[in-house]
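Convention: sequence-line order gives letters A, B, ...; per-chain numbering from 1. What you are looking at is a predicted structure, and each value in this text was computed from that prediction instead of being measured.
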Amino acid sequence: QKEVEQNSGPLSVPEGAIASLNCTYSDRGSQSFFWYRQYSGKSPELIMSIYSNGDKEDGRFTAQLNKASQYVSLLIRDSQPSDSATYLCAVNDNYGQNFVFGPGTRLSVLP
Amino acid sequence: KAGVTQTPRYLIKTRGQQVTLSCSPISGHRSVSWYQQTPGQGLQFLFEYFSETQRNKGNFPGRFSGRQFSNSRSEMNVSTLELGDSALYLCASSFGQQGAEAFFGQGTRLTVV
């Protein structure tokens, strides 16, 4: 059973701080990793994808991947109240056919 | 470029009825995946279609079925609806290869009464 785990939160950070969201996965054969943001009542929106060990930056977002530790993280710099949402980690298997989603971490950015 | 379109957006059905949901993927995408999202269970994978073939299936009863047409549009059917089927049903489209990013539609909110 392939599993993706995340802390459910809520994770509360003050406005302007760095929010750190973590994700672990069980399938060592996983090749592709994604972060989605989901506002309450809305559908998930793709934020970033990462495929290689190391960091990938896009604006205020940085994804970090460590395949040896089976660990993916998302850092949000200069957090804004509009970042308050649930963040879903998704892992794609080696064949690209199946996304496994974590339960999501609820982030609350306090003004 | 148009996104993923799901219809209808909202649906109310009674127990025992059946329902059909539709998903039109992003142009050029050949893979459509369906998910059920409930507050307690999160995003649960239903099935994935690629070029009209079901490639992968989650752990849902046979009341849940789907199909994909030659234009990549997909439909999902739920027969003999139960109260527990009330959920947000999401479809996601992608190119379908390893590493391809998936994009979600706005979802269909199904309420079974």
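In this structure, B/L90 is not a member of the same hydrophobic cluster as B/V19, with clusters built from ILVMFWY side-chain heavy atoms closer than 4.5 Å. Cluster membership for A/L11 and A/L75, using ILVMFWY side-chain heavy atoms within less than 4.5 angstrom, is not shared. Note on B/V32: it does not cluster hydrophobically with B/V4, by side-chain heavy-atom contacts below 4.5 Å among ILVMFWY residues. Residue B/L110 is grouped with residue B/L46 when hydrophobic side chains (ILVMFWY) are merged at heavy-atom distances under 4.5 angstrom, including chains of intermediate members. Cluster membership for A/I50 and A/Y25, using ILVMFWY side-chain heavy atoms within less than 4.5 angstrom, is shared.
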Acceptor/donor pairs from residues 10-17 of chain B side chains to any protein atom, 3.5 angstrom cut, sequence neighbours excluded:
unit_1: B/T14; atom_1: OG1; unit_2: B/Q17; atom_2: OE1; d: 3.2
unit_1: B/Q17; atom_1: OE1; unit_2: B/T14; atom_2: N; d: 2.9

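For B/Q6, no part sits under 4.5 Å from any heavy atom of chain A, backbone or side chain. Proximity to chain A is limited to the backbone of B/A100, based on heavy atoms less than 4.5 angstrom apart. Contact of A/S32 with chain B is made through the side chain alone, with heavy-atom distances under 4.5 Å. Neither the backbone nor the side chain of A/E45 comes within less than 4.5 Å of any heavy atom of chain B.
In this structure, the side chains of A/L46 and B/F103 come closer than 4.5 Å at one or more pairs of heavy atoms. At least one side-chain heavy atom of A/Q38 sits under 4.5 Å from a side-chain heavy atom of B/Q37. Considering only heavy atoms from C-beta on, A/Y36 comes within 4.5 Å of B/F104 through its side chain.
Residues of residues 61-68 of chain B placed with any heavy atom under 4.5 Å of a heavy atom in chain A are absent; none qualify.
Atom CG of A/D83 has more than 12 neighbouring heavy atoms from other residues, nucleotides or ligands inside a 6.0 Å radius. The number of heavy atoms from other shown groups lying within 6.0 Å of NZ (B/K57) is above 12. By the 6.0 Å contact criterion, CZ on B/R73 is enclosed, its count of non-hydrogen atoms from other residues, nucleotides or ligands being greater than 12.
Aromatic ring centres of A/F99 and B/Y35: separated by at least 6.0 Å.
Ranked by heavy-atom pairs under 4.5 Å with chain B, the first of A/P44, A/G102, A/G104 is A/P44.
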Please walk me through it: do B/Q106 and A/S43 pass side chain to side chain donor-acceptor pair (under 3.5 Å)?
CA-CA 5 Å; B/Q106 292 183 299; A/S43 63; over 6 Å; no
